[in-house]
Amino acid sequence: MITKENMRILAKSMIALDTIEMVLENKYISQTALPGQFLHIFLEGKTLRRPISIADIDKEMGTVTILFKVVGSGTKQLASYEPGREIDVLGPSGNGFQITEEDSTVLLIGGGIGVPPMYYLGKTLAKQNKKVISILGFQTKANVFYEEKFNQLGYTFIVTNDGSYGEKGFVTDVFHKVGDFDRYYSCGPLPMLKTVTNELNGKPGFISLEERMGCGVGACFACVIPSKDDKGYKKICSDGPVFDAREVSL
Amino acid sequence: MITKENMRILAKSMIALDTIEMVLENKYISQTALPGQFLHIFLEGKTLRRPISIADIDKEMGTVTILFKVVGSGTKQLASYEPGREIDVLGPSGNGFQITEEDSTVLLIGGGIGVPPMYYLGKTLAKQNKKVISILGFQTKANVFYEEKFNQLGYTFIVTNDGSYGEKGFVTDVFHKVGDFDRYYSCGPLPMLKTVTNELNGKPGFISLEERMGCGVGACFACVIPSKDDKGYKKICSDGPVFDAREVSL
Amino acid sequence: MNKLAVNLPGLHLKNPIMPASGCFGFGREYSEFYDLSKLGAIMMKAATAEMRFGNGTPRVAETTAGMLNAIGLQNPGVKEIIENEVPFLANFDTNIIANIAGSTIEEYEMVAKMFNETNDVHALELNISCPNVKEGGIQFGTDPKMAAKVTSVVKEASNLPVYVKLSPNVPDITRMAKAVEEAGADGLSMINTLTGMQIDLRSKRPLLANKTGGLSGPAIKPVAIRMIYEVKQHVSIPIIGMGGVNTAEDVLEFLLAGASAVAVGTANFANPFVCSEIIDELPETLKKYGFDTALDAVGKAVME
Amino acid sequence: MNKLAVNLPGLHLKNPIMPASGCFGFGREYSEFYDLSKLGAIMMKAATAEMRFGNGTPRVAETTAGMLNAIGLQNPGVKEIIENEVPFLANFDTNIIANIAGSTIEEYEMVAKMFNETNDVHALELNISCPNVKEGGIQFGTDPKMAAKVTSVVKEASNLPVYVKLSPNVPDITRMAKAVEEAGADGLSMINTLTGMQIDLRSKRPLLANKTGGLSGPAIKPVAIRMIYEVKQHVSIPIIGMGGVNTAEDVLEFLLAGASAVAVGTANFANPFVCSEIIDELPETLKKYGFDTALDAVGKAVME
Ligand SMILES: Cc1cc2nc3c(=O)[nH]c(=O)nc-3n(C[C@H](O)[C@H](O)[C@H](O)COP(=O)(O)OP(=O)(O)OC[C@H]3O[C@@H](n4cnc5c(N)ncnc54)[C@H](O)[C@@H]3O)c2cc1C
Ligand SMILES: Cc1cc2nc3c(=O)[nH]c(=O)nc-3n(C[C@H](O)[C@H](O)[C@H](O)COP(=O)(O)OP(=O)(O)OC[C@H]3O[C@@H](n4cnc5c(N)ncnc54)[C@H](O)[C@@H]3O)c2cc1C
Ligand SMILES: Cc1cc2nc3c(=O)[nH]c(=O)nc-3n(C[C@H](O)[C@H](O)[C@H](O)COP(=O)(O)O)c2cc1C
Ligand SMILES: Cc1cc2nc3c(=O)[nH]c(=O)nc-3n(C[C@H](O)[C@H](O)[C@H](O)COP(=O)(O)O)c2cc1C
Ligand code: FES
Ligand code: FES
């Protein structure tokens, strides 16, 4: 259940170009959050909260790690907060990735700032002894992060748009190298998700979506996406952000 | 001349109920400011700057002291700033008190948060070997500040509205005890200034006025007060805040 | 005696605080944060005759001290609301205000009739001011004759007290207020959002899919206060005020300007507890500024 | 080639940045902070036929992300302005735009004639939208016929290009824009302030002596952008945009929405260097978002 929590910033570091890793301490969220859920972060002076995915959790330490890219005034403000400070968060928000016990091989496909939720998911899947293959796409070498960490989960392809690191091209360009898998999980920019779901059409998969949010709890109808069911829509904040790839219309 | 300066906060302390003393470091302003001038202080997120009088200056140390009461969101924000931080200030703003060499005895009359500018004025006058008599009015005992400092300048009456400290009543209630003086200087709430100028009608004196300001430099016409000259008005921010008591219509 | 209590046509409010329409859904989500029985009332999200999907996304954008929204009146339709949402809200000891939007007078009439038949709705709020739909909505809100017409039709169609929600996108709000008062409105609800736009520098296009959206939040509070103050002098029906309320002091400012109750919209998004916290703080705030009851403050700034 | 240059009727602007009327006086005070020759133009404070003392104080109040003002058009009168202020500004290598206000059409006409006779004024800005005076001002700005009338009279009375400054307190700004375009306006200036109010909780009265005031600052930017975007699609005369500009990115947003030049008002108060800083930053900002010149950005969001 979502609650309003104070989370203390324990550590902050820049792990790639404009990309911040922040470790937050909070008992409730660290114990209850699932891979794919997000935090809805209040920033002083801002009208709306900022949704940021949970990238990792250490239940024993009671910490939650987030990774975010500085793209506008809110993320810039968050990046300026120093360890010791507390931030006001709603969470854990949304529904996480569904994990299927029978799966033996899973493919993670993360693009840019869609990579973070893939990490805690991959860690959780790897703990269940599934074979984890990851494809991580970034714009350019300077944006790459968490390569080492994903390597520890399983074979990891790094792809950069300009070929400055790893393979050149898009995440889909290495699909032919992946081999067989039972299910895929993907998070990234919408154009990427469109190509991914098209190319993997028919394969079972889950995707995590982004949209500008108002409430973040399902009340305001800001974040809807057309769905194939009777109701005709889903709310990304509360029905998602994770959806069965066959359930929504991108 | 007014410039835009960064002033580093060196010290901050609460010297009376809701009343903060802040010592700011800045070469230019400490060397050029005159008694009665003010600083126009920028506060993050605020549309308008806040005018605060200069309460004291230490030219050797290059410091400027301000005293302010927490009355609203801006002064609350300023009060939360810790030493080490820099604040953006326009100053020195306005015209200070005119000092007449021939005067031998001067009367300072300060009310509440109008007391601060009286201090640097009194110090300057005392240095010129004038006899300084001060009347400082406060609401109640908890509001009293700088009594000791004024005592060092000369005889000082403390008056509180409720009689909880010093004499009971208004600043004007002790006029009969003051004896003769050449000139008076006063700053405080408008009703006080009205009574003071009325009762001392005919005596040469200077008063410092307050009004809500836009620009603080004389451009926006927010802070006008009717005057007895041809133009018919004065701007408090640039023609004042100090006026000859006979020049303006309260 | 309950010092926060306010009685308005059809509404015995235990306190003058309620979430504004569209910013609280049908209460379900916020009921997980606190007990909705604490609220003076709840203004439900707009209902239309049929379900509406609303506008494309993005539907919201943040602005300095405010936000733009162009939800486009997405809602499951009045039937579904009466069947599934009203019964849920009826579990709470609070007043339910049904917000109605329509493209035609007949639609307003039909939806009003249906709410009238439930026993759980305490008042109707006519949204004649939604700037985010192509037809209906805002035309009703900028033409006094249309506004009067829709008001009187809805009054005929139901026994419920009718609060007409006025648009601020007019040069003379008093004219609108008087028109609907004469047409039989029991109260006014003001203000709805100001029409605004944000352009995305990267795409070089309006950020919202609908291009324009409604501006809400603290940015518009001075406009709301001015309009309520003006209208209060010229009408005798009560006003439910809204527009940028974040704190108990904001609520007091609305009461002083002439509002008898106050709705909180956008502020729920940053702080889901905001209504509850304001209700807790209000008694002390009233006292701080010398008022014994909420009622004592109503319209105080208007009377000379 | 100067990548910031913009040519408008009567105005060869070296850059599209100018201080907005009423927020920069007659330039004297700000000339102590930087060289005014750096500015594209200067919009002088409103001039009336006779000197005006204006409203009582307080005349300004701060609001969230904005401010209210009710100066009441205080100015020394057109004669004094021509004798003492225009010559001072003429020392700078920039364009002088004279802002004119009046209670009657005759007053606008008379003041326009007088500015026309000086050789130093480059354009007139007709303030038909001041919300802070009892008569004139805003009536002209909410009635398309009155607005057209005052425009055509002033056009007849002078050879100077005329920019009509529109009020945002209308339901349909395009109607106003078209009316003055047809009446011969050379350009538009938009927006003026939204009417607002603040109530002082301590005194329980409107804080401003004039009760209402004009809301300016970042709070109103979305309204300004929306109106410029709307008007741009329906008129062919250029628009000088304003309302809440604080940064070079704000300027770009106005250009994209359809403004050919941009005025900065309220922001001068917090930062007297703001116009100068924006001019310095603008080339880089344009480049960042893929524009070679300021002109390239004008109206980009409007064209589909
Ligand atoms: C479920 C979810 C999970 C996310 N997880 C991450 C993450 O782990 N790391 C990360 O770097 N980013 C993540 N994002 C994107 C992140 O929310 C935005 O980058 C951020 O809100 C931008 O805020 P800003 O103030 O810096 O930008 P601005 O552009 O100034 O923001 C203005 C407004 O737009 C909203 N907004 C802007 N971009 C986005 C976006 N892409 N998605 C949603 N709202 C947006 C902001 O929240 C704000 O309300 C996630 C988004 C969603 C919806
Ligand atoms: C020349 C001058 C010198 C001053 N010197 C001092 C001083 O030395 N110490 C001190 O405590 N106070 C002084 N004041 C008053 C001080 O400026 C206000 O108390 C302060 O601006 C309040 O800001 P706020 O945000 O806390 O209050 P809010 O009420 O939230 O402020 C809202 C707006 O009103 C303005 N405002 C509110 N009260 C006043 C006021 N009394 N005078 C002018 N503007 C006001 C604010 O500047 C702001 O723009 C002086 C005022 C003037 C004009
Ligand atoms: C996301 C959102 C959705 C809204 N939906 C409605 C609605 O359905 N019906 C309505 O009458 N007003 C609607 N409004 C307007 C609010 O009820 C309120 O009048 C306005 O937002 C001003 O109040 P605020 O500043 O507290 O948000 C909506 C506002 C927002 C922000
Ligand atoms: C203190 C003040 C005085 C103003 N005086 C005038 C004026 O004399 N004539 C005029 O046309 N507009 C006047 N305006 C309006 C501004 O020129 C501008 O249109 C408005 O403030 C919006 O821009 P901003 O948000 O950048 O301030 C004034 C605004 C302020 C804040
Ligand atoms: S953000 Fe409000 S419903 Fe999703
Ligand atoms: S504050 Fe602008 S003229 Fe004084």
Side-chain angles (χ1 to χ4, degrees), chain B residues 1-6 40-51 71-75 77 87-94 189-191 209-227 229-241 248-250, chain D residues 19 22-34 44-46 51-76 80 198 200-202 207-209 213 215-219 244 246 265-274 277:
Chain B
M1 208 192 75
I2 304 178
T3 63
K4 186 156 162 280
E5 296 283 321
N6 282 325
H40 212 198
I41 302 178
F42 176 79
L43 298 165
E44 278 71 24
K46 297 288 176 196
T47 311
L48 300 175
R49 289 173 179 259
R50 302 302 193 258
V71 297
S73 65
T75 44
Q77 187 172 328
I87 55 175
D88 165 352
V89 158
L90 295 183
S93 297
L190 197 60
L209 300 177
E210 278 188 11
E211 188 47 80
R212 292 189 182 235
M213 292 184 179
C215 64
V217 299
C220 78
F221 292 84
C223 66
V224 297
I225 179 163
S227 68
D229 60 357
D230 275 1
K231 217 169 61 172
Y233 69 90
K234 297 273 180 193
K235 293 174 192 160
I236 289 181
C237 68
S238 53
D239 299 323
V248 289
S249 320
L250 293 188
Chain D
C23 302
F24 209 72
F26 300 98
R28 278 184 203 279
E29 296 78 14
Y30 290 95
S31 73
E32 304 204 353
F33 291 106
Y34 61 91
M44 292 194 294
K45 168 137 200 65
M51 80 120 90
R52 280 182 67 110
F53 183 74
N55 296 319
T57 56
R59 292 178 170 185
V60 293
E62 192 179 71
T63 69
T64 312
M67 67 177 282
L68 293 168
N69 89 81
I71 306 296
L73 297 177
Q74 175 158 23
N75 79 94
E80 170 79 11
Q198 186 171 105
D200 181 28
L201 300 188
R202 270 173 279 249
L207 194 144
L208 299 179
L215 182 63
S216 62
N246 266 274
T266 304
N268 290 288
F269 302 158
N271 178 10
F273 293 98
V274 67
E277 287 172 9

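Just so it is clear: chains get the letters A, B, ... in the order the sequence lines come, proteins before strands, and each one is counted from 1. Side chains are part of it too, since the values below use all heavy atoms of this structure and drop only hydrogens, waters and symmetry mates.
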[X] versus chain D, heavy atoms under 4.5 Å apart: side chain, backbone, both or neither?
X: B:L43; value: neither
X: B:F42; value: side chain
X: B:K231; value: backbone
X: B:R212; value: both

Heavy-atom check, side chain of [X] versus side chain of [Y], under 4.5 Å:
X: B:R49; Y: B:D88; result: yes
X: B:E44; Y: B:Q77; result: yes
X: D:N75; Y: B:F221; result: no

B:K234 and B:V248: which non-hydrogen atoms are nearest, and at how many Å?
->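 Nearest heavy atoms, B:K234 then B:V248: CG-CG1, 4.3 Å.
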
Heavy-atom pair of closest approach, residues D:F33 and B:T3 = CE2-CA, 4.4 Å

Counting only non-hydrogen atoms closer than 4.5 Å, does [X] touch chain B with its backbone (N, CA, C, O), its side chain (CB onward), both, or neither?
X: D:F24; result: backbone
X: D:A270; result: both
X: D:T63; result: backbone

Any salt bridge between B:R50 and D:E62, counting N to O under 4.0 Å?
->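 So B:R50 pairs with D:E62 through a salt bridge.
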
Tell me, out of D:Y30, D:F26, D:F273, D:F53, who's got the most heavy-atom pairs with chain B below 4.5 Å.
->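 So the answer, after comparing D:Y30, D:F26, D:F273, D:F53, is D:F53.
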
